[in-house]
Amino acid sequence: MKFNLKSKPLFAALVIALLVFPFVTDALLGHGWVRIADFALLYIMLALGLNIVVGYAGLLDLGYIAFFAVGAYTYALFCSPQFGLHWPIWIVLPLGALLACFFGVLLGAPTLRLRGDYLAIVTLGFGEIVRIFMNNLNAPVNITNGPQGISMIDPLRIGDFSFAKTHEFLGMDFTTVHLHYYLFLGFTLLVIFVSLRLQNSRIGRAWMAIREDEIAASAMGINTRNIKLLAFAMGATFGGLSGGLFAGFQGFVSPESFSLMESVMILCMVVLGGMGNITGVVLGGVLLVILPEAFRHGAGPLQEAILGKILIDPESLRMLMFGLALILVMLWRPAGLWPSSQHRRELAPDEATVHQEQETVYDASR
Amino acid sequence: MDIFLQQIINGLVQGSVYALVALGYTMVYGILGLINFAHGEVVMVGAMVALTSLQVLLGLAVAPVLAILVSLFVAIVACMALGYTIERVAYRPLRNAPRLAPLITAIGVSIVLQTLAMMIWGREYHAFPQPFANSLHAVGGAIITDVQLGIVIVALLMMSGLMLLIHRSRFGRAMRAVAENPSAAALMGVDINRVISATFMLGSALAAVAGFMVSANYGIVHYYMGFMLGLKAFTAAVLGGIGNLRGAMLGGVMLGLIESLGAGYIGDLSGGFFGSNYQDVFAFFVLIAVLVFRPTGLLGERVAERA
Amino acid sequence: MPSNKFPTLFALIAAFTLVGCNKTETQSAHSNDAAELVVKIGASAPLTGPQAHIGKDNENGTRMAIEDANAKGVIIGGKKVRFELLSEDDQTDPKTATIVAQKLVDAKVNGVIGHLNSGTTIPASRIYSDNGIPQISPSATAVAYTAQGFKTAFRVMSNDSQQGKVLGEFAAKNLKANKIAVIDDRTAYGQGLADEFVKSAQNNGAQIIAREYTTDKAVDFAAVLTTIKGKQPDLIFFGGMDPQGAPMVKQMRGLGMKTQFMMGDGGYTPKFIDNAAAAAEGAYASLPGVPLDKMPSGRDFAARYEAQFKQPIQLYAPYCYDAVNVMIAAMQKAGSAEPAKYLPELGKVVLDGVTAKIAFDEKGDLKGGAVTMYQVHQGKWQAVETMGGAATH
């Protein structure tokens, strides 16, 4: 990674912060927040995967959760009493990622000619198709157990080391949420690393060229078909990996975890954070997982503090605040909280356009 | 034979509703190149407002016909105001922003509208008042109810009215001009902001009518009802070619037919392996097949390249 | 990637951390100041989303039981107890359910009433089990919930297999339906119940002539009903909830079908009748337990519920009420509200609840599990027959 060369102390501080984070959180806020952090890491992986498709290659994908589902179901089927299989994770996790990758290509192939919103609706349909199949493949042959979902999935385990048990190490208790945190953190860093390398590679530049102008890119000799398929495949792989980890962590998968709303949420993370910029996407993932939970904890007490009583029930207020937050953040920073420098350059309009726009709006108000 | 005819009728009724909602999506898209994801919630608000005013009016013993007309009017006005507000608050400030930004505000607006509706009208499903007996008519062995007949007729009237408005009126010409090329239209003296606001209001008015019709047909209203309907209508708009008004109507009716024929015959077609549980899969496969051969939908001619 | 961006991110997280931290501390301080023993009961159900109205009903039932217990003054192990309700929204989402479960565990609840759906109850049960917190679901019916082997998992509701058995028998024997069409909503509840219904109906000599499907968000059933109409069944069974059931029966009548219509407990709501209006007449639904007005405390419960919440009972509130009381009874018997101490007693409790006589089998399922069949008669649900129950299943 680039930044560690620039400033070693900062990098060290970051590493330490990430390592002690679960313990600080645990001490201050309790296990619940460590679990939320675990989910945040899973979603960061998803958002980074989607960022490749949407942020780098500019292909709007509204069915991304399908790859998460493929990964999760792969893990669930091969590590549960469903078929009596209990494969080790170093086979199952790559297998899930590989299958997701295959599905990514499957989705990419027929949609290569589609652009913009047509692509959006086809990917949305693809996501629904995957979910519907998982929801219905319990008859005539029972594969996925249908809407009942698959329960009693094996916990994540490396050799004899189970992540679902509390381990003592250096006199400290590492509970299951802590252990998963470190495991997911490792994978997230891996995904960040791969994303960074891709971004600065030939492939990454090809993606961005396609995003900016597909015709020009193909004129420059970029094989747009292969490069687009590669974007779908890479994005899907990350999704599949995250899905496998999710299944092992949760111990239960059912089709309702993979609804359209989830795809939309991941897209929100990417766009809200800042498309195409890894730090932005990470920030978006963290915020969108934490915000609803923060509102869950804060909505009731906040009202009591301000109004002295509970006027609006906390659940409604929580959803209301979440919706408003989405609107306000986008109005405040239309390019996302932390846009990539390239995007920012494009967005700074030259003075003539600003002038013209203002003129028309002014006319309207007159 | 009567089963087949019945499925066609089912599809047409459902499709008419999709078409009305799809028009709202497609009009906005044609002008702004923006998917108005909150449109489904506007339909829901229309249904809810109609519900309340109908309850109030019927409670005051107003004649049923009058009550229906007045509450339809109230719903239309409320939705137009809502459409106008949504555009002003969530879309106009982002007109020059990256094209996914308004998508996120649209999702935010959806969540806010849903939650507000939940707070105002409660969490439960409401029965939509039915002041008239809904009698059945036999059409060649199939059956259609008064309300369903009304839906098809009203949808046809609304759509022909809209076509007239857009192709014959001054406002329609301005709208088409803005859709074609906003800056050129502005240079020709068209007030773009006004046209855009009017488009949103027009789409919302159609949404209100659709909301009223859906509620009357199914007799049930709920704050969550806009989501699925909006999604289906959006699919219909894309199927027909988003941005194209005739496409939205065709797409809506086609989606209705695909769904009902799919649910009805998919089992026979697949030898019993797939059932009506794969209805949506079938619909999406048709959509994908159409888009593979016609990447801009059935009637879409404009290439949407803004990515 | 410039290096100075990450710390900002952490500053942000830290800010969140601080905001939340205030709160937890005030909470724990709160519970220790009084001389009385504070027992926290966690409750979880969807309070937003499409099933929010049933989720709120659950919360209301739990709240009533807790308020009743506080008003009555319960003594556990010689100490006067004040019960506190911590209610959480799981949004019908399995992932949120685990977060909520962890939050309740963190808050050191003594027991949990929830969740509403099987899809949320199962993933959450793993966390309650890991932390030894007893959990009683008022409404999760999936067989898998208690089949996981968790000692902490209980339910005061018949499971799909118990209820489906009665429904199938009633359809085939009492209603003499030979040709039956089955629709389900592809949720864990609807599909599970429909499958068990099919098994039982076939065992009792009926024939399943059509199996159709819808979703839990659909409102239009014309297509599947038309297909079914062509096969002329004696009875249509729908595995699903009332938001679909009511328009479904209405659309059946709209298609000129006079076929009998039957649902499980998801149909037994006042809203079903409101929303289906005249079409509801003659429809059947089941509900585990004995009719409320047959239980001495049941009638009183229904009246007080309506007075307090200004609406009739939606569905599972009485089960939540019973679940809390079973939990309290176990605590009293053990003389402690400590989860580890009263958990062994929970399996042995026998209690006359508002829904039935409640006792658990070795898996945590309701023992016996009487199921009552109801029919809409003159715009009201009327009990037809109570089946099962005394016999062990």
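Chain A is the first sequence line, chain B the second, and so forth, proteins listed ahead of strands; every chain is numbered from 1.
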>> For Leu137(A), which atoms come within 4.5 Å of any heavy atom of chain B: side chain, backbone, both, or neither?
In response: both
> At a heavy-atom separation under 4.5 Å, does Leu260(A) approach chain B through its side chain, its backbone, both, or neither?
Replying inline: side chain
>> Using 0.5 Å steps for rounding, measure from the CZ atom of Arg131(A) to the CG atom of Asp280(B).
In response: 8.0 Å
> Could you state the interatomic distance from CG (Leu291(B)) to CG (Leu119(A)), rounded to the nearest 0.5 Å?
Replying inline: 10.0 Å
> If every non-hydrogen atom of Pro334(A) is compared with every non-hydrogen atom of Ala101(B), which pair is closest and at what distance?
Replying inline: O-CB, 3.4 Å
> When only pairs under 4.5 Å are counted, which of Val238(B), Val89(B), Ile35(B), Val292(B) shares the most heavy-atom pairs with chain A?
Replying inline: Val238(B)
>> Heavy-atom pairs under 4.5 Å with chain B: which of Val122(A), Asn136(A), Leu324(A), Leu114(A) has the most?
In response: Asn136(A)
> What are the two closest heavy atoms between Met261(A) and Phe227(B), and how far apart are they?
Replying inline: SD-CE1, 4.1 Å
> What distance separates Ser316(A) OG from Leu116(B) CG, expressed to the nearest 0.5 Å?
Replying inline: 9.5 Å
>> Let me confirm one number: the OG1-CE distance from Thr115(B) to Met321(A), rounded to the nearest 0.5 Å.
In response: 12.0 Å
> For the side chain of Tyr118(A) and the backbone of Ile242(B), is there at least one donor-acceptor N/O pair under 3.5 Å apart?
Replying inline: yes
> How many angstroms lie between atom CZ of Phe234(B) and atom CG of Leu124(A), to the nearest 0.5 angstrom?
Replying inline: 7.0 Å
> What part of Leu94(B) gets closer than 4.5 Å to chain A, counting heavy atoms only: side chain, backbone, both or neither?
Replying inline: side chain
>> So which residue, Val329(A), Val271(A), Thr111(A), ends up with the most heavy-atom pairs under 4.5 Å with chain B?
In response: Val271(A)
>> With a 6.0 Å cut-off on the ring centroids, do Tyr278(B) and Phe133(A) count as close?
In response: yes
> Under the side-chain hydrogen bond (donor to acceptor under 3.5 Å, both in side chains) rule, what pairs show up with a residue in residues 51-60 of chain A, not counting sequence neighbours?
Replying inline: Tyr56(A)-Gln199(A)
>> Counting only non-hydrogen atoms closer than 4.5 Å, does Leu103(B) touch chain A with its backbone (N, CA, C, O), its side chain (CB onward), both, or neither?
In response: side chain
>> What part of Leu287(B) gets within 4.5 angstrom of chain A, counting heavy atoms only: side chain, backbone, both, or neither?
In response: side chain
Contacts under 3.5 angstrom, residues 104-112 of chain B side chains, donor-acceptor by atom type, not counting sequence neighbours:
{"unit_1": "Thr105(B)", "atom_1": "OG1", "unit_2": "Ala90(B)", "atom_2": "O", "d": "3.2"}
{"unit_1": "Thr105(B)", "atom_1": "OG1", "unit_2": "Pro102(B)", "atom_2": "O", "d": "2.8"}
{"unit_1": "Ser110(B)", "atom_1": "OG", "unit_2": "Ala106(B)", "atom_2": "O", "d": "3.2"}

>> I'd like to verify something: which residue of Ile288(B), Asn277(B), Leu231(B) has the highest number of heavy-atom pairs under 4.5 Å with chain A?
In response: Asn277(B)
> In Å, rounded to the nearest 0.5 Å, how long is the span from CG of Leu317(A) to CE of Met119(B)?
Replying inline: 7.5 Å
>> Less than 4.5 Å to any heavy atom of chain B: does that hold for the side chain of Leu112(A), its backbone, both, or neither?
In response: neither
> If you take all heavy atoms of Phe284(B) and Glu128(A), which pair is closest and at what distance?
Replying inline: CE1-CB, 3.8 Å
>> Counting only heavy atoms not in Phe285(B) (residues, nucleotides, ligands), do more than 12 fall under 6.0 Å from its CZ?
In response: no
